[in-house]
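Worth knowing before you read on, the calculation uses all heavy atoms, side chains too, and leaves out hydrogens, waters and symmetry mates.
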Amino acid sequence: LTVIRLNPGRDGDGINDDMDLFPDDPTEWADMDGDGIGDNSDPDRDGDGFDNNFEEQKGTNPNDPADYPDTAAPTVEITSPAGARVETAMFELRGNVTDPYQSHSGVAGVSVTNDRFPGAPSAGVVTGNSFVVNVPLALGNNLLTVIAQDLSGNLSAAVTYQVVLL
């Protein structure tokens, strides 16, 4: 009885040469992203632009190019009319918040701080892409600072709004 191997793996990695993209390298046999670097040594084997270790730290799959870490911060826009002058000590600030779609994305929340009450942020209610925050005011000028956070922990740039309590 003679055993004939039709296409043995010549590099000894256990993968037949017809399935081995690196038939002369016993440490490599596949190249998911087609960049010429074997998956076992490729720092970004799925080719999505993110290091495999970084993806694992962020909870995304380093073998799926459509699953990558969310590194984009949300954006905030105030829609309340500028230059508000009010007579009540509670102000309803309105705006829009968006977070570019990526896996693990979405707005986690919006908070507003008033320079007159620096240690007491007010949490907003987010519905779709809109938010509303009721903010306490002190007599005179009040500088409100709005920051949004997404589900991955990215923070928006701070947006300010001036309101005067008469």
(request) Show your working on side chain to side chain contact (heavy atoms under 4.5 Å, CB included) between Asp44 and Tyr68 and close with a plain yes or no. (result) CA-CA 11 Å; Asp44 177 23; Tyr68 49 88; over 6 Å; no

(request) Apply side chain to side chain contact (heavy atoms under 4.5 Å, CB included) to Leu144 and Thr113, showing your working. (result) CA-CA 6 Å; Leu144 310 182; Thr113 49; over 6 Å; no

(message) Show, in sequence, the C-alpha distance, side-chain angles and deciding distance for Leu93 and Val146, and conclude whether the side chain to side chain contact (heavy atoms under 4.5 Å, CB included) test is met.
(response) CA-CA 10 Å; Leu93 183 68; Val146 183; 3.5 Å; yes

(request) Dump the intermediate steps for side-chain hydrogen bond (donor to acceptor under 3.5 Å, both in side chains) on Gln149 and Ser156, then the final yes or no. (result) CA-CA 6 Å; Gln149 183 172 5; Ser156 70; over 6 Å; no

(request) Take Val163 and Leu137 through the side chain to side chain contact (heavy atoms under 4.5 Å, CB included) test and state the conclusion after the steps. (result) CA-CA 8 Å; Val163 60; Leu137 302 177; 3.5 Å; yes

(request) Apply ring-ring contact (aromatic ring centres under 6.0 Å, His included) to Phe91 and Tyr161, showing your working. (result) CA-CA 11 Å; Phe91 181 72; Tyr161 182 86; 5.7 Å; yes

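Residue Asp67 comes nearest to Asn61 through the heavy atom pair OD2-N, 2.9 Å, listed as atom of the first residue, atom of the second, then distance. Closest heavy-atom contact between Asn142 and Asn114: OD1-ND2, 2.9 Å. Heavy-atom minimum distance, Gly106 versus Asp99: N-OD2, 2.8 Å. Heavy-atom minimum distance, Leu165 versus Thr88: CD1-O, 3.1 Å. In plain terms, the two heavy atoms of Pro136 and Ser122 that are nearest each other are CD-OG, 3.5 Å. When all heavy atoms of Asp39 and Asp31 are compared, the pair lying nearest together is OD1-CA, 3.3 Å.
Once rounded to the nearest 0.5 Å, the distance linking CG of Asp64 with CZ of Arg45 reads 11.5 Å. With rounding to the nearest 0.5 Å, the separation of CG in Asn141 from CG in Asp115 is 8.5 Å. Thr27 OG1 to Asp11 CG: the interatomic distance, rounded to the nearest 0.5 Å, is 8.5 Å. Interatomic distance, CG of Leu155 versus CG of Asp150, reported as 8.0 Å (0.5 Å rounding).
Counting heavy atoms from C-beta on, the side chains of Val159 and Ile78 come closer than 4.5 Å. Between Asp20 and Asp13, some side-chain heavy-atom pair lies under the 4.5 Å cut-off. Side-chain contact between Val112 and Thr145: absent, with no pair of heavy atoms (C-beta onward) separated by less than 4.5 Å. Within the 4.5 Å cutoff, side-chain heavy atoms of Glu28 are placed close to those of Ser41. Side-chain contact between Phe50 and Thr71 is present, with heavy atoms from C-beta onward closer than 4.5 Å. Looking at heavy atoms from C-beta onward, Val86 lies out of side-chain contact with Leu166 at the 4.5 angstrom threshold. When side chains are defined from C-beta on, Val76 does not count as touching Asn96, because their heavy atoms never get closer than 4.5 Å.
The ring-ring contact (aromatic ring centres under 6.0 Å, His included) pairs that include a residue from residues 105-150 number zero, where partners must be two or more places apart or lie in different chains.
Judged by distance alone, with hydrogens and angles left aside, the side-chain atoms of Ser111 form no donor-acceptor pair with the main-chain N or O of Ala123 at under 3.5 Å. A donor-acceptor distance shorter than 3.5 angstrom exists from the side chain of Asn52 to the backbone of Asp42, with no hydrogens or angles considered. Using modelled atom types, one side-chain atom of Arg116 and one backbone atom of Leu139 make a donor-acceptor pair closer than 3.5 Å. In this structure, Ser152 contributes its side chain and Asn154 its backbone to no donor-acceptor pair below 3.5 Å.
For Arg10, the salt bridge (charged side-chain N to carboxylate O under 4.0 Å, His left out) partners two or more places apart in sequence, or in a different chain, are Asp17, Asp24. Remark: Glu77 engages no residue in a salt bridge (charged side-chain N to carboxylate O under 4.0 Å, His left out) (not counting sequence neighbours).
No hydrogens or angles considered: a donor-acceptor pair under 3.5 Å links the side chains of Thr98 and Thr75.
A salt bridge is absent between Glu56 and Lys58; no separation between the charged side-chain nitrogens and carboxylate oxygens falls under 4.0 Å.
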